[in-house]
2 protein chains.
Amino acid sequence: MSLFFLSIHGKCVSLRKCLVTFYYLSSVLYDFTAEPGNNELTVKEGETLTITNQHIGGGWIEAQNSRGEIGLVPEDYIEVIPNPNVGNVASPDLSFFDAYAPASASNGNDPWSVWNADPSGGSNNNWASNPEGTQTGKTAPDPWSSVSQGHPQAYQGPVCIHLTSGAEDDEWDDEWDDMKSTGGYAESESGDGGGIQRGGAHATSMKISLNNRFPGFSKSGPELYLLCKQLTKGKDKLPIYVGEVGPVWFYPETQLDCVVADPKKGSKMYGLKSYIEYQITPSTTNRPVNHRYKHFDWLYERLLDKFGSAIPIPSLPDKQVTGRFEEEFIKMRMERLQGWMSRMCRHPVVSSSEVFQLFLTYKDEKEWKMGKRKAEKDETVGVMIFSTIEPEAPDIDLIEVDQKCEQFSRFTKAMDDGVKEILTVGHEHWKRCTGPLPKEYQRIGKAFQNLSSVFNSSGYQGESTLTDAMTAAGKTYEEIAQMFAEQPKKDLHFLMETNNEYKGLLGCFPDTIGVHKAAIDKVKEGDKLVATSKITPHEKVTMAKRVSVMSYALQAEMNHFHSNRIYDYNRVMQLYLEEQVKFYETIAAKLRQAHGQFTTM
Amino acid sequence: MSLFFLSIHGKCVSLRKCLVTFYYLSSVLYDFTAEPGNNELTVKEGETLTITNQHIGGGWIEAQNSRGEIGLVPEDYIEVIPNPNVGNVASPDLSFFDAYAPASASNGNDPWSVWNADPSGGSNNNWASNPEGTQTGKTAPDPWSSVSQGHPQAYQGPVCIHLTSGAEDDEWDDEWDDMKSTGGYAESESGDGGGIQRGGAHATSMKISLNNRFPGFSKSGPELYLLCKQLTKGKDKLPIYVGEVGPVWFYPETQLDCVVADPKKGSKMYGLKSYIEYQITPSTTNRPVNHRYKHFDWLYERLLDKFGSAIPIPSLPDKQVTGRFEEEFIKMRMERLQGWMSRMCRHPVVSSSEVFQLFLTYKDEKEWKMGKRKAEKDETVGVMIFSTIEPEAPDIDLIEVDQKCEQFSRFTKAMDDGVKEILTVGHEHWKRCTGPLPKEYQRIGKAFQNLSSVFNSSGYQGESTLTDAMTAAGKTYEEIAQMFAEQPKKDLHFLMETNNEYKGLLGCFPDTIGVHKAAIDKVKEGDKLVATSKITPHEKVTMAKRVSVMSYALQAEMNHFHSNRIYDYNRVMQLYLEEQVKFYETIAAKLRQAHGQFTTM
């Protein structure tokens with residue numbers, strides 16, 4: 001076990017040490033040299049530190065090295081060695097998993113270290129909760145592939161830390177207790193981390209999520225829905241219609257949208273803890289509400305919890321702390337929160353859900369807390385979401401259900417590869433455009449100008465026209481150098497962001513499709529189960545009907561995905577090419593002007 | 001001595017070995033892998049070979065390696081270890097130098113190895129006869145600097161071999177004897193190599209050239225002109241007028257020009273020896289004449305011999321053999337011979353000279369041979385050229401002469417640096433445009449097309465507009481990749497060629513200016529020389545007058561250089577920018593078209 005544990009963390013830490021101090025131990029990801037007089041601590045990559053104070057804020061933590069020296073280190077330069085239980089999520093031995101859970105849950109010096117511990121840190125299967133390799137950095141494997149590709153410049157520094165920053169973790173202790181008091185919090189969940197299930201879910205959905213993760217070991221799973229006796233009553237039904245393109249969700253008349261803007265830095269506890277508050281203005285009410293990242297994160301958990309089995313819920317922009325690049329980072333995070341919110345708004349099922357509306361129409365703390373509790377108590381989560389879906393169409397037989405599921409699986413996998421290729425190529429192009437190319441054009445510019453000034457020194461008459469022209473040409477190439485360096489922010493940036501977003505979205509499909517596959521397998525076993533009288537013939541019929549309902553849901557979701565994809569890629573390609581055209585036209589114009597200054601007598 | 005000799009060659013060859021077999025030993029510059037069945041010999045860089053037959057032709061020689069294996073090797077992959085005397089040119093001990101000369105001259109198994117042995121191989125002073133570092137490759141130092149920079153693609157392979165190829169060395173043996181019989185050939189000249197004096201010069205000019213090379217050790221030198229009793233009579237006077245820009249040569253009404261074209265491969269001795277013949281058509285007669293490279297080379301020697309002290313005579317394109325790139329090479333050499341001829345035609349003094357006219361108006365072999373002999377017997381060579389110059393202006397005093405000379409020296413040095421910077425930067429730009437950039441745009445193109453074909457497989461309706469557009473966009477970036485790869489040939493090529501040509505031209509100034517500086521120093525010594533009655537007071541006056549004449553010549557030449565430079569750089573910059581504008585405009589147009597295919601519904 002210990003060996004296994006070590007291997008999945010790939011860190012040189014003895015299990016024992018971890019068990020004793022795993023909340024405090026951290027491993028240095030990158031060299032960091034202290035600036036004198038700032039109480040900073042110089043650390044080397046691979047070094048193991050003991051965190052002495054993680055509530056410094058501003059992207060800094062206080063840590064002690066093996067020589068006993070204490071000082072500040074940028075949080076994003078270190079990686080806290082995650083809760084061992086997290087590692088064990090991947091372990092087939094669930095009893096072991098449970099056995100350790102209490103320790104972690106009770107020993108909650110920092111509950112966030114449980115919550116935010118990267119759930120995929122130890123699991124190399126395709127079920128990582130956060131598919132965005134770049135966003136959880138080193139230890140988070142992509143589903144399907146290891147191409148870890150993110151926005152080339154969004155991240156000024158490494159982006160991997162499994163502790164939330166000081167800006168995030170204040171005041172949750174009490175809410176944590178809240179959630180415990182709801183009784184809905186299952187200990188084993190601490191191991192489930194930020195996956196399909198995180199924070200405040202109750203036992204039922206918890207089991208499902210476990211099943212989503214480990215179909216192999218589940219005792220329950222889709223059966224929970226396939227076989228459940230009575231379905232939830234009338235309210236909150238999700239109809240599916242058959243449109244031109246096939247099964248589709250019910251789309252409201254006017255599409256909801258919202259604007260995320262105006263990030264404000266706040267602080268509490270005499271400035272000891274700081275946070276950023278974003279203003280969200282829904283197109284419906286047009287009334288701005290303020291939320292902090294952790295509220296977005298809470299919303300994400302609820303949506304994942306409730307819809308995750310039927311609808312891919314993309315992860316939020318990562319929890320990276322700002323380190324020294326706060327401005328850059330806040331801007332980028334806001335942009336991505338906007339992207340995430342817009343996508344949620346565009347989804348007819350998600351956007352009309354009670355919890356999403358609660359988030360968008362925050363009135364006062366009291367109502368908010370009530371709404372939160374209600375959402376966290378919601379029983380219709382996990383696979384039970386299918387119990388609310390009502391396709392207005394005849395049942396589909398299992399073969400077709402199976403085929404559809406296979407087709408979607410193939411497509412999403414293929415698209416994931418394609419998207420990653422674009423990200424890889426784009427990343428290299430970004431580096432070239434901001435690195436060697438401008439340098440080169442600058443040197444060309446300088447060379448022309450230098451020769452021009454040599455000519456100026458000739459003492460020969462009638463030189464000025466040539467020297468002025470050559471100086472101008474030189475300056476033009478320096479301008480072009482500048483243009484090259486700035487261009488990616490104008491076009492490639494959006495191409496990368498969109499593909500990055502789709503990478504995240506596609507990363508959710510293995511989870512969603514997995515639920516369907518598990519259900520299909522169950523139904524295939526139907527006869528056997530009847531024969532061994534595990535189920536009644538009537539239950540077998542019910543299962544077949546319900547897997548057909550699940551298939552309608554999946555088809556509706558895929559059609560939603562496709563129409564959005566077509567729109568998004570048309571838009572982003574247009575934008576990209578538009579800017580590219582402007583770019584090359586501007587260069588041509590500048591050069592034409594420079595050309596005009598030369599004269600052959 | 002042996003140590004010195006070794007150091008200047010930087011080759012691991014014992015002096016003894018060299019002295020015994022230096023005409024046959026060669027050292028491998030680059031790895032070469034034999035193609036099976038071609039009698040080729042695989043060799044490794046640094047390996048020492050014995051040449052068994054250098055008359056194979058077509059850029060190949062037959063050589064034997066240390067294991068006794070014999071086979072063909074591309075001549076430009078090896079470097080024949082030069083005549084040790086060449087190395088000793090740089091040695092201050094001229095007596096030693098003379099002592100070895102006979103050996104080399106008489107031991108003339110291959111006179112070319114004496115003629116073409118790179119004279120600067122061992123001398124790191126500023127007097128290298130061939131300033132074009134790129135053109136004599138590894139062992140030829142640039143004057144002033146070691147930036148060895150040439151045309152990025154003109155040279156498909158290394159270009160350093162100090163043996164002429166089979167295509168060049170036929171039939172010279174008899175002419176060699178000719179020249180000996182003229183009695184004009186001085187032994188010590190073998191050491192003088194391809195410098196200011198080569199082949200068939202007579203003792204006088206030889207001494208001068210020696211002096212040009214080693215002012216420090218000369219007993220004669222510019223004094224030869226400064227003090228000579230009677231100047232050459234009337235004919236062939238070179239007037240200098242004072243124009244707007246100062247002293248200028250006499251420029252003819254119509255400027256001579258010529259076209260070098262139509263290279264034809266010929267062979268003799270039953271095809272054992274092959275050569276290329278170029279057709280030169282002067283604008284005056286419009287009657288084409290044919291010449292082979294070696295005739296150009298002979299002309300170069302004569303011009304250098306006659307005008308070198310007053311007028312920088314740029315080297316010919318190098319003697320590189322073609323190796324495997326014959327087509328490319330012939331094209332490039334023709335282009336450069338054209339450039340060289342045009343520059344000579346543009347020079348009023350050179351173009352009107354008898355020897356240059358002889359070359360342009362070749363009628364038959366008999367007349368040609370006569371003309372050759374006459375030219376080789378010409379007495380008015382080296383510094384004696386100044387005896388034919390007649391400035392129509394008052395004498396300039398020594399201070400002004402000195403100042404002018406200093407100024408020209410500073411300018412040419414500064415321009416040489418500027419030109420080399422452009423060559424260096426241009427070379428890197430060339431590599432990037434033909435290497436990584438096209439690859440990158442190709443990958444971008446492929447990535448778009450791949451994603452497009454994934455989309456095609458979605459099975460979703462109304463996908464085609466997007467997929468077609470994305471495929472088109474992908475193809476467009478592949479076209480752009482192609483454009484990038486081909487662009488340098490369209491613009492950068494000429495920028496590089498012009499600067500390369502100027503680098504060669506500027507490389508001649510140290511020689512030319514050196515003659516002037518030596519003369520100035522002599523005149524400065526005037527009083528002392530009179531006091532020690534080395535010269536008469538009258539001779540001192542004569543020297544002052546004559547150094548003034550030399551200064552007029554230098555000024556006329558500089559003004560010629562400046563006006564040509566201004567024209568050439570205006571022209572080449574115009575051409576470069578024109579092509580650059582076209583390039584970027586075409587890209588923009590292609591992208592605009594691709595952009596048009598996307599639609600946001």
Side-chain angles (χ1 to χ4, degrees), chain A residues 244-245 407 410-411 414-415 417-419 421-422 425-426 428-429 432 436-437 440 443-444 446-448 450-451 454-455 457-463 465-466 469-470 473 558-559 562-563 565-567 569-571 573-574 577-578 580-581 583-585 587-588 591-592 594-595 598-601, chain B residues 244-245 407 410-411 414-415 417-419 421-422 425-426 428-429 432 436-437 440 443-444 446-448 450-451 454-455 457-463 465-466 469-470 473 558-559 562-563 565-567 569-571 573-574 577-578 580-581 583-585 587-588 591-592 594-595 598-601:
Chain A
E244 287 174 7
V245 296
Q407 186 198 343
R410 269 197 311 278
F411 176 81
M415 181 169 171
D417 294 341
V419 162
E421 184 189 1
I422 286 188
V425 174
E428 276 170 32
H429 192 50
R432 193 181 304 284
L437 272 184
E440 193 160 293
R443 289 186 61 198
I444 293 170
K446 286 253 173 283
F448 284 149
N450 290 345
L451 195 58
V454 171
F455 286 1
S457 74
S458 70
Y460 187 78
Q461 301 179 16
E463 184 98 58
T465 318
L466 173 60
M470 283 190 69
M558 282 310 292
N559 289 330
H562 287 320
S563 68
R565 169 179 58 81
I566 290 170
Y567 175 83
Y569 276 88
N570 266 301
R571 205 198 63 231
M573 288 299 289
Q574 266 183 329
L577 292 171
E578 212 171 290
Q580 285 269 290
V581 170
F583 175 64
Y584 289 111
E585 276 175 345
I587 292 178
L591 289 170
R592 201 184 300 104
H595 171 267
F598 290 91
T599 51
T600 33
M601 298 130 293
Chain B
E244 285 175 7
V245 296
Q407 187 196 341
R410 268 197 311 278
F411 176 81
M415 181 169 171
D417 293 341
V419 162
E421 184 188 359
I422 286 189
V425 174
E428 277 170 33
H429 192 49
R432 192 181 305 284
L437 271 185
E440 193 160 294
R443 288 186 60 196
I444 293 171
K446 286 255 172 283
F448 284 148
N450 290 345
L451 195 57
V454 172
F455 286 3
S457 73
S458 71
Y460 186 79
Q461 303 179 16
E463 185 99 58
T465 319
L466 173 61
M470 283 190 68
M558 281 312 292
N559 288 329
H562 288 319
S563 67
R565 168 179 59 82
I566 290 171
Y567 175 83
Y569 275 89
N570 265 302
R571 205 199 62 232
M573 287 299 288
Q574 267 183 329
L577 292 171
E578 213 170 289
Q580 285 270 291
V581 169
F583 175 63
Y584 289 111
E585 276 175 346
I587 292 179
L591 290 170
R592 200 183 300 105
H595 171 268
F598 290 91
T599 52
T600 33
M601 299 129 292

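A, B, ... follow the sequence lines: proteins, then strands. Residue 1 opens every chain.
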Legend entry - Side chain / backbone / both / neither for A:Ala469 at chain B, heavy atoms under 4.5 Å: neither
For the candidates [options], which exhibits the highest count of non-hydrogen atom pairs separated by less than 4.5 Å from chain A?
| options | value |
| --- | --- |
| B:Asn559, B:Ile587, B:Leu577, B:Val419 | B:Leu577 |
| B:Met415, B:His429, B:Glu585, B:Gln580 | B:His429 |
| B:Gln407, B:Glu428, B:His562, B:Glu440 | B:Glu440 |

Count the heavy-atom pairs under 4.5 Å between each of [options] and chain B, then report the option with the highest count.
| options | result |
| --- | --- |
| A:Asn450, A:Leu437, A:Leu466 | A:Leu466 |
| A:Gln461, A:Met470, A:Arg443 | A:Arg443 |
| A:Glu244, A:Lys446, A:Arg410, A:Arg432 | A:Arg432 |

Inset, instruction - Measure B:Phe583 against the heavy atoms of chain A and call it side chain, backbone, both or neither at under 4.5 Å. - result: neither
Starting at [atom1] of [X], measure out to [atom2] of [Y] and round the result to the nearest 0.5 Å.
| X | Y | atom1 | atom2 | value |
| --- | --- | --- | --- | --- |
| A:Ser458 | B:Arg565 | OG | CZ | 5.0 Å |
| B:Gln574 | A:His595 | CD | NE2 | 5.0 Å |
| A:Tyr460 | B:Met558 | OH | CE | 10.5 Å |

Legend entry - Heavy-atom side-chain proximity of B:Arg571 to A:Phe598 below 4.5 angstrom: no
